[in-house]
Structures are given as C-alpha cells and as structure tokens.
Amino acid sequence: MPLGMRLVTWNINSLRLRLPVLEKLDATLAPDIICLQETKVPDPLFPADALRNMGFEHLHYKGMKSYNGVAILSRHPITPLEKLPDWHGKEDCRHIGAQVHLPSGPVELHDFYVPAGGDIPDPETNPKFAHKLAFVEEVTEWFTTRKRDRTVLVGDFNIAPLEHDVWSHKQLLNVVSHTPPETERLNAWLNVGFVDAMRHFVPASEKLYTWWSYRNRDWKKSNRGRRLDHVWITPDLVPDLTGMTVVREARDWDTPSDHVPVIVDFSL
DNA sequence: ATGGTCGAAGATCGA
C-alpha cells in the first residue's frame with residue numbers, strides 16, 4: 001500500500017445499481033477508504049463479497065429498505081463506533097463511524113447522510129425540513145462534548161453553505177439546501193472545531209459543486225450545481241492535507257449518480 | 001412560475 005491515505009465520500013444513490021461505476025472509481029483512482037451515502041440496501045443484501053473482492057476487506061454499513069443507508073469501505077483495519085446516538089429518535093441509517101487504524105495512528109471517521117428536507121423551507125408546515133434542522137442541531141450539540149482531534153467528518157450534508165457553493169446565491173436563498181436557517185446551522189456545526197478541507201484547496205470566491213440535478217437536460221451545459229457533499233477535519237490534521245479532487249467526470253459515467261465523488265488525500 | 005429525472009418499490013415516496 002502506498003504512503004498516504006486517499007479518502008472518498010460519495011452519495012452513490014443505490015450501491016447495488018452502481019457497483020460497476022464504483023469499480024471504475026476504484027480502478028482509476030485507487031482510494032483507500034470510501035464513505036458512501038444513500039446505499040439503499042438492507043444489511044442482509046449488502047454486496048460485501050463484491051467489495052471485498054475489490055480490496056476493501058474492512059466494511060462497516062447500516063442500511064434499510066428503499067431509503068438512506070451509509071457504508072464505510074476500507075483497505076485499513078477499522079473498529080466501528082458503537083452506540084452512536086439515534087438522531088431525532090429515528091433509526092433511519094444516516095450515520096456511522098469508525099476508528100481507522102492507519103500506520104501513523106488511529107483516525108476517527110464519521111459518515112453522515114443529513115436529511116434532504118423536502119421542498120418547502122418552513123419547519124412549521126414541512127416536517128421534513130423540521131427534521132433536517134433538528135438533525136443538524138443535535139449533531140452539533142453532540143460534537144461539542146466529544147474529543148476533537150484526529151477526526152474526519154464526511155458525507156452528504158445536503159446543505160451548500162457558501163455563496164459560491166451554488167450556481168446562483170440569489171435564486172437559491174429560498175430553496176432548501178441554501179436557506180439561511182440551514183447554512184447558519186451548518187456553520188455552527190463546522191465551528192464546533194472543524195476545518196472545511198475542500199475549501200482549504202479552493203478559495204470561497206470560486207464556484208465548487210458536487211451535485212447536479214437529474215432534472216437538467218444537459219447538466220454540464222446548464223451547470224446548475226450545488227456543493228452538498230463535504231469533508232471536514234480537525235485542525236491538527238490540516239498539515240497532513242495533500243490534495244482534493246472533485247471527480248466531475250463521474251457525472252457522465254454510465255448510469256451516473258447525481259452526486260460525484262470527492263477525494264481528499266492525506267499524508268497519513 | 002413550472003417542470004423537469006431518477007431509484008426502489010411494485011403505488012407512490014423520497015430526492
């Protein structure tokens with residue numbers, strides 16, 4: 001195994017349907033650890049053998065029928081984090097975590113799939129939006145009391161916090177994913193003690209997206225993207241950052257997800 | 001302002 005850790009986060013939108021493109025990602029970009037969201041597969045049907053054959057010997061996953069689901073695929077040994085909170089009283093498979101045992105020492109890794117929040121940005125009339133806001137608040141509170149070093153948070157946070165994380169700040173201010181109640185809460189979570197590893201490499205003044213809707217005739221031409229997927233790290237890991245890649249070409253792979261993989265490289 | 005397209009289901013629901 002080469003020196004350094006290559007970490008990927010990807011909302012794959014059905015793991016079983018997209019095993020072929022996952023193999024393509026693995027073959028072309030050789031990640032050491034992949035965190036997936038929206039696997040949409042119950043645990044008994046999880047394709048563990050196929051993933052082990054790809055070289056990911058260490059697996060941790062939590063899925064359910066039809067919706068949600070998260071998974072960590074690793075070439076390094078991992079110890080799953082037990083007894084993580086049951087956010088918002090729901091057992092809906094939106095968070096798993098693990099200690100990753102790297103040659104340089106353990107790193108704590110969290111994989112999140114934050115609720116999308118429905119269409120109407122009003123917690124009074126839209127319970128999905130209320131759930132989303134509450135989820136972020138609960139997670140924020142939880143991390144304030146947890147150790148905050150050698151920790152990495154990744155996932156589909158379903159919020160694009162910065163002006164240039166969306167194609168039109170003005171037109172999306174009242175669209176779920178970019179409303180002030182969401183972006184304020186995401187910033188509060190970040191400010192518990194994390195660093196935005198993607199923006200470490202790309203200044204806030206530059207557009208940066210990880211998701212393009214299926215509902216555009218030509219995603220590349222219209223380019224109405226949003227940065228919904230994130231990699232956050234504790235400040236002690238910043239000196240170990242060596243690179244970041246948004247795998248845009250994956251949006252054109254055969255039967256693509258609407259999200260593309262995000263790679264972060266570490267000298268760990 | 002609207003609708004557009006996916007995936008898992010096996011009708012719609014969630015995104």
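None of the values given here were measured: they were computed from a predicted structure. Throughout, a chain's letter reflects where its sequence line sits, starting with A, and its residues are numbered from 1.
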Who else is in the cluster with [X] when I, L, V, M, F, W and Y are joined by side-chain contacts under 4.5 Å?
X         : value
Leu186(A) : Leu81(A), Leu84(A), Trp87(A), Phe112(A), Val114(A), Phe135(A), Val136(A), Val139(A), Trp142(A), Phe143(A), Leu153(A), Phe157(A), Ile159(A), Trp189(A), Leu190(A), Val192(A), Phe194(A), Trp232(A)
Leu133(A) : Phe129(A), Val176(A)
Trp10(A)  : Val8(A), Ile12(A), Leu15(A), Leu19(A), Val21(A), Leu22(A), Leu25(A), Leu29(A), Ile34(A), Leu36(A), Val41(A), Leu45(A), Phe46(A), Leu51(A), Met54(A), Phe56(A), Leu59(A), Tyr61(A), Leu73(A), Val247(A), Trp253(A), Ile263(A)

Please enumerate all residues that pass side chain to side chain contact (heavy atoms under 4.5 Å, CB included) together with Ala30(A), with sequence neighbours excluded.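 Scan of Ala30(A) (side chain to side chain contact (heavy atoms under 4.5 Å, CB included), adjacent residues dropped) gives none.
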
Once side chain to side chain contact (heavy atoms under 4.5 Å, CB included) is applied, do any residues pair with Thr125(A), and if so which ones, sequence neighbours excluded?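 Per chain and number, Thr125(A) pairs via side chain to side chain contact (heavy atoms under 4.5 Å, CB included) with Ile120(A), Asp122(A).
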
Distance between the [atom1] atoms of [N] and [M], in whole angstroms?
N      : M       : atom1 : value
dA9(B) : dA15(B) : C1'   : 15 Å
dT2(B) : dC6(B)  : P     : 23 Å
dG3(B) : dG7(B)  : P     : 22 Å

Let me have a per-nucleotide readout for nucleotides 9-15 of chain B, 5' to 3', with B, S or -, counting only protein heavy atoms under 4.0 Å. S----SB

Select base, sugar-phosphate, or nothing to describe what Arg224(A) touches, counting heavy atoms under 4.0 Å on all strands.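 The answer is nothing, as Arg224(A) stays clear of every strand by at least 4.0 Å.
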
Ring centroid separation His101(A) to His76(A) under 6.0 Å: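 No, the ring centres sit 6.0 Å or more apart.
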
What's the CG-P distance between Asp254(A) and dC6(B), to the nearest Å?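 Computing the Asp254(A):CG to dC6(B):P distance gives 12 Å.
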
In this structure, how many angstroms lie between the P atom of dT5(B) and the CG atom of Asn216(A), rounded?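 Going from Asn216(A) (CG) to dT5(B) (P), I get 10 Å.
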
